[in-house]
Amino acid sequence: MNIRKVIFAGIITALIGAMFGLAVTKISGREERKKILLFGGAAVGFAIGAFQESVQQQKKLRDDEYGDTNSWK
């Protein structure tokens with residue numbers, strides 16, 4: 001498993017999660033919760049991005065090891 005790809009995907013998704021946190025803060029009008037929503041969005045984004053990339057890498061590894069099992073020949 002390529003850990004650099006996992007961390008990169010996590011960081012990029014964390015940035016997207018932080019932007020969602022800022023948007024929720026702006027829409028709700030609760031500026032006092034800005035830091036909490038920013039950090040929460042970034043943390044959830046990192047976790048989702050890293051998990052998704054690791055699942056994709058494991059799937060590719062399994063497909064390379066066992067071959068294509070979904071072919072109907």
Side-chain angles (χ1 to χ4, degrees):
M1 184 178 307
N2 191 350
I3 194 70
R4 294 169 90 188
K5 279 187 170 182
V6 173
I7 291 174
F8 179 74
I11 290 172
I12 296 300
T13 315
L15 291 173
I16 294 169
M19 286 191 300
F20 277 130
L22 285 174
V24 169
T25 302
K26 191 72 166 177
I27 290 170
S28 68
R30 297 187 179 193
E31 293 295 325
E32 65 274 1
R33 294 186 182 180
K34 186 175 185 175
K35 290 182 183 178
I36 295 170
L37 289 173
L38 180 66
F39 179 73
V44 170
F46 183 84
I48 290 172
F51 179 74
Q52 181 183 7
E53 180 63 29
S54 63
V55 167
Q56 286 178 355
Q57 286 186 19
Q58 286 294 329
K59 183 181 181 310
K60 185 178 182 296
L61 193 82
R62 186 188 68 210
D63 288 346
D64 290 345
E65 187 174 329
Y66 294 116
D68 188 17
T69 60
N70 294 330
S71 63
W72 295 88
K73 292 183 180 180

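All values below were derived from every heavy atom in this structure, side-chain atoms included, with hydrogens, water molecules and symmetry-related copies excluded. Index from 1, following the sequence.
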* Asked: Can you check whether Asn2 reaches Gln57 side chain to side chain, under 4.5 Å on heavy atoms?
  -> yes
Drop me the distance from [X]'s [atom1] to [Y]'s [atom2], to the nearest 0.5 angstrom.
X     : Y     : atom1 : atom2 : value
Phe8  : Thr13 : CZ    : OG1   : 9.0 Å
Ile12 : Phe46 : CD1   : CZ    : 11.0 Å
Ile7  : Lys5  : CD1   : NZ    : 13.5 Å
Lys35 : Thr25 : NZ    : OG1   : 12.5 Å
Gln56 : Lys59 : CD    : NZ    : 9.5 Å
Arg4  : Glu53 : CZ    : CD    : 13.5 Å

* Determine the minimum heavy-atom distance between Ala14 and Ala42, stating which atoms define it. => CB-O, 3.3 Å
* How close do Gly49 and Ala9 get, heavy atom to heavy atom, and via which atoms? -> O-CB, 3.8 Å
* Structure fact -> Besides Phe39, the hydrophobic cluster formed by Ile, Leu, Val, Met, Phe, Trp and Tyr side chains linked at under 4.5 Å, directly or via other members, contains none
* Remaining members of hydrophobic cluster (4.5 Å side-chain criterion), Leu38 -> Leu22
